Amino acid sequence: MKKIQLLVGISVLGLLLGFASWQNRMRVDWPAYHGGNHRNHFSPLKQINTTNVNQISLAWDYDAGGADTLTNGTQMQCNPIIINGILYGVSANTQAFALDAKSGVELWKTNIKIKTNSTTSRGLSYWSNGKKSRIFFGYGAYLFALDAKTGKVIPSFGQDGKVNLLTGIQREGSDEYVSLNTPVTIFKNILIVGTRVSESATALLGDIRGYDAISGKLLWTFQTIPRPGQLGYDSWEKYNYKNLGGANSWMGMALDEKRGIVYAPTGSAAFDFYGGNRKGDNLFANCLLALDATTGKRLWHFQTVHHDIWDRDIPAPPNLFSINMHGEKKDVVSVLSKQGFMFVFDRVTGKPIFPIVETPFPASDIPGELASKTQPIPTWPEPFTRQSFFEKDINPGVSNPEEIKKEFAMSKAGHAYIPVGKERTIFFPGTDGGAQWGGAAVDEHQVMYIPAKENPVYTSLIPNSKSLKMTTASVVYEQHCMSCHGPNRQGSEDGSVPSLLQVQKKYKLKSFVELLNQGRGRMPSLQHISQEQKEAIWSFLQGENVAVKSSSNLSISDYLMTGYNRWFDSNGYPVSRPPWGTLTAINMHSGKRLWQVPLGEYPELMAQGIPRTGTDNYGGPAVTAGGLVFIAATKDEYFRAFDRATGEELWRYKLPAAGYASPSVYAVDGKEFVVIACGGGKLKTKSGDHYLAFSLN
C-alpha cells in the first residue's frame, strides 16, 4: 500500500512539475529594461522566426494618451516590461500604466499632476518580495513607488509615495534641474538610481545613489566628483565638487546579480565643451564604474574619455555576456561610445579584453583649456562607425557643393577628439552618436547588434559675457538658450530643437515663463534664473535687448557653445557620404564584424535610384532566438525585422508615429508578441502616443 502511495505521489509530483514547465513555456516575460539586468535586449522566443515573420500582423493598439504634450516637447521612448502577462509602460505625458499583455486592455493608469521638471521616460522597474509587488518609475525629479496590482501610490515609501531626487545633490551656484529618465536598477531591496541633470555650468552633482525599496530611505551614495582624500580628487582642480556638477549616470546601468556588482556608466562633467575650470582627467566623469551594489563601494573603473570637452558621454547601458577566448570562458561587460568605439572588460577585474591604447591628440587653442594629451582608443573590435571627416568624405551628391566645400575649408575637421575652437569645429560622428541611448542587443551566441548614426555636427565656442551686476537680454539668451536653439534662434536643422523666431504666435508672456520654469523634453527647467531674466528672454525673442540684473550667485563658464548644429545640404540631407544610419553585427568571441547594413531610408531618394542611405535614428533593437532583430528607431517611421544571420530585411510596418524606443518581446498563453512605443516627435516627425503589438494570426 505504501509503495502504491509513493508511486502515486511521484506521479502527482511529476505532473505538477510538468505543469509548471508547461506554464513557463506558455509565458516568457520581458522582466526589466532592455529585457533584463544584463541589458541584452534578448528573448529566447522563436515562435516568430525567419520563415514566418512576414506573416505577423497587428495584434492590438493601445492609445496611451498625452500626444498633445509632445509638440516640440517630450517623446515617448519607453521600453515596456512584461511580468506575469501584465505589460507596464509609460505614456507620452509620463503616466505609468498596466495592460493585459495579450489583449492590450488597460488595467490601470496613474493620474499624477504634481509640478516638476519635465522628463522623457524610457521605462520603469518591477520589484517583488513574493508577497508585495511594486512599480518604480521616474516622474520628473521624483522617484515614485506604485502598487503593481492597482497602480496606486504607496504612501509609506519616501514622502507620500515618492523620493525627491534633488535632495542631496545641490551645491552652491547650481540650478535645480534633475530628472529620472531611465529605469532604476534593482538589487534585492536596493534601488540604484542615476539621474539626468543639466549640461550647463549650473548643473547639479551627478552622484549615484542607493535607496531602500520598502521605505525609500537613502542607503548609500557614490560621489562621482570626488571629495578631498577620495580616489580621483587629484584629477580635478581643488574644490571642483563645490563649483561644478554633471558626471552623472543618466543612461542606465547593468547588474550582475550573482556577484552583486552594478555597472554604472557616467557622462561628462558640466559644462560639456569647456573645461578650463576643471583641469585634469576628471574622474569619475566618462567612466564605466563597477560598484558593490549593496554598499556603493567602487570595485574598479575605466575612463573612456579623459577631460571630456566633446560631450562624449557613454551613451547607453552596458551589456553583460560571456565569451570564449583561447578556450577559456570569460564573463565580460561592454560599453559603446558616441565616437563609435566599443570597450570590453573582464567583469570582475576590469581588465580590458582587447587592447586599449592611449593615443595622442591635438591640444586646444582656447585660452585656459588644457585638453588631455592622449585618449584611450580600443584596437579591437573595429569601430562600428567611421572615425574621420575630411573633404573627400563630403557626399558628392550634395545639392550645394561649392557652399559646403567653402564652409568645410573654414572649419576644424579631420580625426576624432579635435578640441572645439572659436571657429566652426566638426564632430563626426555627431554629438549624439555613433551609438545612442537605445544601446545594443546581444544574442545567445554572443553576437552584438548595434544601431548607430553618422551625421556631421558642428559648433564653436564664444566668450561668455560675465558682468557681475548688469547684463542684457541677449547675454541671458546666450547663457541659457543658445546651446540648443542656436545663435540665430532657428533651432536645430533636424527639428529636434524648435525655432524661437515665431514664439509669440504660440505663447503669451505668462505661458512662456511657465514653460521656462518647468522645462520640456531636452530643455531643462530655468527656475534658477530670476523672473526678470525670464521676461528678458521673452523680450529678446521679440527683438528687444533690454538691460537686466545678473544672477551672480550661479556658476558661469568662461565660454559658451553655439549650438548642436547638424550639417545638412540645402535639400536637408546630411553632407557626409552615406550611410547615415547603420545596423552592425559583431561576433563578440572574436570581435570581428559579421555584417553592416543601412538602417532606414528616404523614399524620395530611393525613387531616384539612390541606394538605401540609412537615416538618423533613436532607440534600440530586440533580438530573438527565432533568428530576428526587431528595430524601429528610424526617421522614416518604419518598424523592421532583420535576419540576424545576414542583415537582410524580412518585414516592415509603417507606424502611426516613429518608434524612437526599444521594442519588447514576450509570450502569453503560448503566443509570442513584439511591442513598440510610437512616440515620434523628433527629427521633424509627427508626435504619437500609441503602443502597437504584433503577433502571428
Side-chain angles (χ1 to χ4, degrees), residues 30-44 183 185-188 190 192 194 208 210 222 249 251-266 284 287-304 314-337 341-356 376 378-382 384 435 439-450 584-594 620-625 644:
W30 190 267
Y33 187 50
H34 289 172
N37 286 330
H38 47 68
R39 311 301 184 217
N40 285 340
H41 308 239
F42 174 71
S43 171
T185 298
I186 303 179
F187 176 66
K188 297 181 178 178
I190 302 174
I192 305 170
I208 300 166
F222 181 86
S249 185
M251 61 294 291
M253 310 173 195
L255 175 70
D256 185 325
E257 298 172 61
K258 181 179 178 181
R259 295 183 173 95
I261 302 175
V262 62
Y263 299 91
T266 60
F284 293 96
C287 283
L288 176 60
L289 287 159
L291 305 178
D292 184 308
T294 302
T295 65
K297 178 182 177 182
R298 186 196 68 89
L299 302 175
W300 58 263
H301 74 274
F302 186 90
Q303 189 173 50
T304 59
I314 295 175
N319 293 92
L320 304 183
F321 51 96
S322 301
I323 61 174
N324 293 312
M325 290 192 70
H326 311 298
E328 180 183 359
K329 178 182 176 183
K330 289 184 176 290
D331 291 342
V332 301
V333 53
S334 69
V335 287
L336 307 174
S337 84
F341 295 122
M342 186 196 310
F343 297 82
V344 189
F345 307 96
D346 182 285
R347 224 183 285 178
V348 176
T349 66
K351 182 179 179 181
I353 297 298
F354 304 105
I356 300 172
T379 60
W380 200 254
E382 65 179 301
F384 51 87
V442 180
D443 68 18
E444 75 276 30
H445 302 301
Q446 321 312 320
V447 176
M448 180 177 287
Y449 306 88
I450 310 169
T584 304
I586 297 174
N587 182 329
M588 293 308 300
H589 295 295
S590 64
K592 292 182 179 180
R593 181 186 295 183
L594 300 178
V623 62
T624 75
R644 73 179 191 183

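For clarity, every value in this text was computed on a predicted model and none was experimentally measured. Below, all heavy atoms of this structure are taken into account, side chains as well, without hydrogens, waters or symmetry copies.
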Set of side chain to side chain contact (heavy atoms under 4.5 Å, CB included) partners for Pro621, sequence neighbours left out:
His41, Ala441, Pro451, Val629, Ile631
Between His301 and Phe284, does the ring centre distance come in under 6.0 Å?
yes
Across all chains, not counting sequence neighbours, the side-chain hydrogen bond (donor to acceptor under 3.5 Å, both in side chains) partners of Ser322 are Asp331
Side chain to side chain contact (heavy atoms under 4.5 Å, CB included) partners of Ala316, counting only residues at least two apart
none
Can you list the steps and then say if Arg347 with Ile261 is a side-chain contact (heavy atoms from CB on, under 4.5 Å)?
CA-CA 9 Å; Arg347 224 183 285 178; Ile261 302 175; over 6 Å; no
List the residues meeting salt bridge (charged side-chain N to carboxylate O under 4.0 Å, His left out) with Glu444, not counting sequence neighbours, and say none if there are none.
Arg644
Holding to side chain to side chain contact (heavy atoms under 4.5 Å, CB included), I want the full list of residues that pass it with Arg593, two or more places apart in sequence or in another chain.
Glu382, Thr584, Gln596
Side-chain H-bond candidate by donor/acceptor type, Thr185 with Arg39, under 3.5 Å:
yes
So, taking the atom named CG in Asp346 and the one named NZ in Lys351, what distance separates them when rounded to the nearest 0.5 Å?
8.5 Å
Evaluate side-chain contact (heavy atoms from CB on, under 4.5 Å) for Val335 paired with Met342, printing each intermediate quantity in order.
CA-CA 6 Å; Val335 287; Met342 186 196 310; over 6 Å; no
Those residues at least two apart in sequence (or on a different chain) that pass side chain to side chain contact (heavy atoms under 4.5 Å, CB included) with Ser337 are Gln339, Phe341, Phe343
For a side-chain hydrogen bond (donor to acceptor under 3.5 Å, both in side chains) check, start with the C-alpha distance between Gln446 and Asn587, then their side-chain angles and the critical distance, and finish with the verdict.
CA-CA 6 Å; Gln446 321 312 320; Asn587 182 329; over 6 Å; no
